[in-house]
Amino acid sequence: DEPKIDNSTQEPMNCTNHTAYVQCLPAPNITCKDHLGIERAFTGHEVGFYKPIACRNVNGYSYKVAVALSLFLGWLGADRFYLGYPALGLLKFCTVGFCGIGSLIDFILISMQIVGPSDGSSYIIDYYGARLTRLTITNATFRKMQTYP
């Protein structure tokens, strides 16, 4: 089954630790053995197992609000205050957005989702589906196995 989507966050319901679980219903007349060796026949109406799917951690920061604040009030630092960076917001306010150049740079960075909320969460985006994925390189990058959904 498809995951049930929370309308307020556009993420799967019961998302914890970047993982949500979706019910999987085996086809009718399938017989499986569990790890104890017990055979079980499925009729197609009961849950066979729960499939883990990846989800994003969101804490209430809207992508549309952040972009709008950056576009219209970025020269006052409102975008940085909204995202939880009060020191940068005050600096932008005192320098009138670094004479406009800082406002333009911040608008580009927020629009491309390079700058996000200060707590490390993701933006709430008004649609469910494919999103930008930020790639990072660390010392353990070469050890990670590539997985396919």
Side-chain angles (χ1 to χ4, degrees), residues 1-74 76-92 97 102-149:
D1 288 343
E2 290 294 317
K4 291 180 176 49
I5 306 300
D6 185 357
N7 288 332
S8 62
T9 63
Q10 292 298 308
E11 291 297 324
M13 296 271 198
N14 302 323
C15 177
T16 55
N17 296 329
H18 301 285
T19 306
Y21 294 93
V22 178
Q23 295 179 349
C24 291
L25 306 172
N29 300 324
I30 296 290
T31 304
C32 298
K33 279 188 182 178
D34 63 9
H35 64 283
L36 298 174
I38 300 171
E39 283 193 16
R40 183 173 170 198
F42 290 97
T43 62
H45 299 290
E46 64 269 3
V47 176
F49 60 95
Y50 291 90
K51 176 184 174 187
I53 59 169
C55 58
R56 293 179 174 215
N57 177 26
V58 293
N59 282 340
Y61 295 99
S62 171
Y63 175 70
K64 286 174 26 175
V65 171
V67 170
L69 284 173
S70 183
L71 180 63
F72 297 113
L73 297 174
L76 291 175
D79 52 351
R80 291 295 185 147
F81 280 115
Y82 174 72
L83 292 175
Y85 301 101
L88 284 173
L90 186 62
L91 189 61
K92 280 179 71 174
S103 298
L104 177 64
I105 291 171
D106 268 356
F107 174 70
I108 293 169
L109 293 177
I110 290 171
S111 297
M112 294 177 63
Q113 300 179 23
I114 293 171
V115 171
S118 63
D119 61 359
S121 63
S122 297
Y123 290 113
I124 294 174
I125 299 178
D126 291 343
Y127 59 90
Y128 177 76
R131 308 242 176 104
L132 290 177
T133 317
R134 189 174 304 151
L135 299 177
T136 58
I137 298 174
T138 63
N139 290 337
T141 301
F142 70 96
R143 289 185 240 143
K144 291 184 179 179
M145 296 297 296
Q146 187 169 2
T147 59
Y148 298 97

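- In this structure, CG in L109 is found 7.5 Å from CD1 in I105, a value given to the nearest 0.5 Å.
- In this structure the side chain of L90 reaches within 4.5 angstrom of the side chain of F81, judged on heavy atoms.
- Between S111 and Y63 the shortest heavy-atom distance is O-OH, 2.6 Å.
- Y82 places no side-chain N or O within donor-acceptor distance of the main-chain N or O of G77, the cut-off being under 3.5 Å.
- K92 places a side-chain N or O within 3.5 Å of a backbone atom of G74 that can act as its donor or acceptor partner.
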**Item:** Worked check of side chain to side chain contact (heavy atoms under 4.5 Å, CB included) between L73 and D79
**Value:** CA-CA 7 Å; L73 297 174; D79 52 351; over 6 Å; no
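- P28 places none of its side-chain heavy atoms less than 4.5 Å from the side chain of T43.
- Counting heavy atoms from C-beta outward, F107 and V67 have side chains that approach closer than 4.5 Å.
- Using modelled atom types, one finds a donor on one side chain and an acceptor on the other under 3.5 Å when comparing S8 with D6.
- Between the CG atom in D106 and the CG atom in L88 there is a gap of 7.5 Å [rounded to 0.5 Å].
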**Message:** Could you go through I5 and M13, starting from their C-alpha distance and side-chain angles, then the distance that decides it, and tell me whether this counts as side chain to side chain contact (heavy atoms under 4.5 Å, CB included)?
**Reply:** CA-CA 6 Å; I5 306 300; M13 296 271 198; over 6 Å; no
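- Across S70 and S103, no two heavy atoms sit closer than the pair OG-O, 4.4 Å.
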Got a list of side-chain donor-acceptor pairs under 3.5 Å for residues 118-126, not counting sequence neighbours?
from: S118; atom 1: OG; to: L83; atom 2: O; distance (Å): 3.3
from: S118; atom 1: OG; to: G84; atom 2: O; distance (Å): 3.2
from: D119; atom 1: OD1; to: S121; atom 2: N; distance (Å): 3.1
from: D119; atom 1: OD1; to: S121; atom 2: OG; distance (Å): 2.7
from: D119; atom 1: OD2; to: N59; atom 2: ND2; distance (Å): 2.8
from: Y123; atom 1: OH; to: V115; atom 2: O; distance (Å): 2.6
from: D126; atom 1: OD2; to: K64; atom 2: NZ; distance (Å): 2.9

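- The shortest side-chain heavy-atom distance between I53 and T19 does not fall under the 4.5 Å cut-off.
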**Item:** Audit row: Y21, K51, side chain to side chain contact (heavy atoms under 4.5 Å, CB included) steps and yes/no
**Value:** CA-CA 5 Å; Y21 294 93; K51 176 184 174 187; over 6 Å; no
**Item:** From CA spacing to verdict: side chain to side chain contact (heavy atoms under 4.5 Å, CB included), L91, R80
**Value:** CA-CA 10 Å; L91 189 61; R80 291 295 185 147; over 6 Å; no
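- By the 6.0 Å contact criterion, CD on E46 is enclosed, its count of non-hydrogen atoms from other residues, nucleotides or ligands being greater than 12.
- Taking OG1 from T9 and CG from N7, the interatomic distance works out to 8.5 Å, rounded to the nearest 0.5 Å.
- Residue pairs meeting the disulfide (SG to SG under 2.5 Å) criterion with at least one member in residues 11-62, sequence neighbours excluded: C15-C55.
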